[in-house]
Amino acid sequence: MTFGLDGADDHRIWEHALREAAMIVTKDEDFAIRKSMEPSGPVILWVRIGNTRNQALLDWFNTMLPPIVTSIDTGEQLIELV
C-alpha cells in the first residue's frame, strides 16, 4: 500500500508515517540514517535484500514476520532485515 504517496519525497513519507503512527518499510538507506538522527520518528523496517521476484520477496517476508513482530513488540525503532 502506498496511501497516495507514489512519487512522494522522503520528508512527506516520514511526516505521513508520524501522523498515522505507521511504520515505513523501505529499501532506502536514507530512512535508516534519518532514524538514527531522529529517534522520535516512525518505526523503520529497512529491507536489505537484493532485487528479487515479487513472490520470492513475499515468501521471504513470511519467514521473517515472526522476528519482525517480536522486534516491534519489544520496542525496536529501526529494524534491519538482511
Side-chain angles (χ1 to χ4, degrees):
M1 298 182 124
T2 59
F3 304 99
L5 296 172
D6 286 339
D9 65 18
D10 288 357
H11 177 76
R12 185 167 169 221
I13 294 167
W14 185 274
E15 293 302 316
H16 177 81
L18 278 175
R19 277 192 313 277
E20 300 298 324
M23 172 189 294
I24 297 174
V25 178
T26 183
K27 290 180 82 176
D28 186 349
E29 184 179 15
D30 292 349
F31 284 110
I33 292 169
R34 183 170 178 179
K35 180 64 180 181
S36 68
M37 295 185 297
E38 293 184 45
S40 63
V43 174
I44 305 296
L45 179 61
W46 182 23
V47 179
R48 298 188 61 201
I49 186 174
N51 290 334
T52 185
R53 297 179 341 265
N54 287 344
Q55 189 58 54
L57 183 59
L58 290 172
D59 292 343
W60 181 75
F61 263 110
N62 280 333
T63 62
M64 295 304 295
L65 194 55
I68 292 169
V69 170
T70 299
S71 295
I72 294 166
D73 288 345
T74 59
E76 289 190 45
Q77 295 289 303
L78 175 59
I79 303 162
E80 184 178 357
L81 296 179
V82 256

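Please read these numbers as outputs of a predicted model, since none were measured by experiment.
From Asp73, atom CG reaches atom CD1 of Ile68 across 12.0 Å, with rounding to the nearest 0.5 Å. The structure places NZ of Lys35 at 12.5 Å from CG of Leu45, a figure rounded to the nearest 0.5 Å.
Following chains of ILVMFWY side-chain contacts shorter than 4.5 Å, one can reach Ile79 starting from Met64, so the two form part of one hydrophobic cluster. Grouping the Ile, Leu, Val, Met, Phe, Trp and Tyr side chains by contacts below 4.5 angstrom, directly or via other members, places Val43 with Phe61. In the hydrophobic clustering of this structure, Ile33 does not group with Leu81; members are Ile, Leu, Val, Met, Phe, Trp, Tyr whose side-chain heavy atoms approach within less than 4.5 Å, directly or through other members.
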Could you list the donor-acceptor pairs under 3.5 angstrom formed between side-chain atoms of residues 18-30 and any protein atom two or more places apart in sequence or on another chain?
from	atom 1	to	atom 2	distance (Å)
Thr26	OG1	Asp28	N	2.8
Lys27	NZ	Ile49	O	3.0
Asp28	OD1	Asp30	N	2.8

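Residues Thr52 and Ala56 approach most closely at OG1-CB, 3.2 Å, considering heavy atoms. When all heavy atoms are compared, the tightest approach of Ile13 to Ala8 is CD1-O, 3.7 Å.
Not a single salt bridge (Lys or Arg N to Asp or Glu O under 4.0 Å) links Glu76 to another residue, sequence neighbours left out. For the salt bridge (Lys or Arg N to Asp or Glu O under 4.0 Å) test, residues two or more places apart in sequence or in another chain that qualify with Glu80 are Arg48.
No more than 12 heavy-atom neighbours from other residues, nucleotides or ligands sit within 6.0 angstrom of CG on Asn51. Asn54 CG: 12 or fewer foreign heavy atoms inside a 6.0 Å radius.
Here the side chains of Ile44 and Trp14 are in contact, with some heavy-atom distance below 4.5 Å.
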